[in-house]
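See below for the structure under consideration.
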Amino acid sequence: MTQAKSRRFGFVFLAGVLFSTLALAIGCGGESGPPVYSDGSTYLEEREGRQVLVYEFSITDGDGNPYTGPLLVEGTAFTPGGVDPILESNRAGKVEIILEPTTAGEYRVAIQSFIDPEGQTYRPLPDDTKLSGVVVLAHTYAP
């Protein structure tokens with residue numbers, strides 16, 4: 001009888017520890033909600049002796065905190081010289097896209113989706129109906 005009580009106590013104790021660990025992991029781990037575009041800026045900067053356009057923006061979770069999970073940013077760069085695909089990774093809620101301007105004109109970056117490791121796709125601005133959730137950042141380059 002004593003051995004049975006001891007096993008039962010061990011099982012209850014182990015179950016309690018596992019339940020507490022699971023509750024802590026759910027409460028503290030992961031992101032709260034899908035990733036969304038937060039804010040962005042575009043500026044001209046000199047890097048390695050060349051002028052580059054920097055498109056920098058933030059990604060947040062449902063609580064407004066930086067989205068720190070793994071995420072790819074899919075987009076398109078529209079330049080006076082053509083159109084190029086963009087695929088960048090999220091780094092602690094920040095993404096930086098660099099374009100090297102070659103001629104004067106408007107340079108735009110369209111951020112079309114965020115893709116998580118499971119292949120789930122999210123619109124950067126899911127509630128925006130004007131551009132179907134796509135974000136467009138523009139900068140006019142005049143050397």
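Only a predicted model underlies this, so the values are computations on that prediction, with no experimental measurement involved.
Smallest separation of non-hydrogen atoms from Pro124 and Gly133: CD-O, 3.1 Å. The minimum heavy-atom distance linking Ala104 with Ala142 is given by the pair CB-CA, 4.4 Å. When all heavy atoms of Gly105 and Pro80 are compared, the pair lying nearest together is CA-CG, 3.9 Å. Considering all non-hydrogen atoms of both residues, Asp128 and Leu131 come closest at OD1-N, 4.0 Å. Residues Arg50 and Glu100 approach most closely at NE-OE1, 3.4 Å, considering heavy atoms.
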Exercise for the section: Let me see the working for Val73 and Leu87 under side-chain contact (heavy atoms from CB on, under 4.5 Å), right down to the final yes or no. Expected result: CA-CA 6 Å; Val73 176; Leu87 193 61; over 6 Å; no
Exercise for the section: Evaluate the side-chain contact (heavy atoms from CB on, under 4.5 Å) criterion for residues Val95 and Ile59: first the C-alpha distance (whole Å), next the side-chain angles of each, then the deciding distance (0.1 Å), finally the verdict. Expected result: CA-CA 8 Å; Val95 177; Ile59 302 172; 3.7 Å; yes
Handout entry: Stepwise side-chain hydrogen bond (donor to acceptor under 3.5 Å, both in side chains) check, Asp61 with Ser32
Key = CA-CA 6 Å; Asp61 63 15; Ser32 177; 5.2 Å; no
Exercise for the section: Apply side-chain contact (heavy atoms from CB on, under 4.5 Å) to the pair Glu45 and Ile98, showing each step before the final yes or no. Expected result: CA-CA 10 Å; Glu45 184 176 284; Ile98 307 294; over 6 Å; no
Exercise for the section: Take Glu96 and Val54 through the test side-chain contact (heavy atoms from CB on, under 4.5 Å) and record every step on the way to the result. Expected result: CA-CA 7 Å; Glu96 190 177 79; Val54 180; 3.7 Å; yes
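Using a 4.5 Å heavy-atom cutoff, the side chains of Val36 and Arg123 are not in contact. Between Leu137 and Ile111 there is a side-chain heavy-atom pair separated by less than 4.5 Å. With contacts defined as side-chain heavy-atom distances shorter than 4.5 Å, the pair Leu99/Val109 qualifies. A 4.5 Å side-chain heavy-atom check between Thr60 and Tyr37 finds every atom pair outside the cut-off. Looking at Phe57 and Val135, their side chains never come closer than 4.5 Å, going by heavy atoms from C-beta outward. Side-chain contact check for Thr121 versus Phe114: every heavy-atom pair is 4.5 Å or farther apart. Side-chain contact between Leu71 and Ile115 is absent, with no heavy-atom pair separated by less than 4.5 Å.
Both Leu53 and Ile86 are part of a single hydrophobic cluster, where members link through side-chain heavy atoms under 4.5 Å apart. Leu72 and Val134 are members of different hydrophobic clusters when ILVMFWY side chains are connected at heavy-atom separations under 4.5 Å. Taken together through direct or relayed side-chain contacts under 4.5 Å among Ile, Leu, Val, Met, Phe, Trp and Tyr, Tyr43 and Val52 form part of one hydrophobic cluster.
In the model, Glu74 has a side-chain atom that pairs as donor or acceptor with a side-chain atom of Ser113 under 3.5 Å.
In summary, Arg108 and Glu106 engage in a salt bridge, as defined by a charged side-chain N under 4.0 Å from a carboxylate O. Looking at Arg91 and Glu56, no side-chain N of the basic residue comes within less than 4.0 Å of a carboxylate O on the acidic one, giving no salt bridge.
Annotation: the span from Ser58 atom OG to Asn65 atom CG amounts to 12.0 Å, rounded to 0.5 Å.
Residues Phe78 and Tyr107 place their aromatic rings such that the two centres sit no closer than 6.0 Å.
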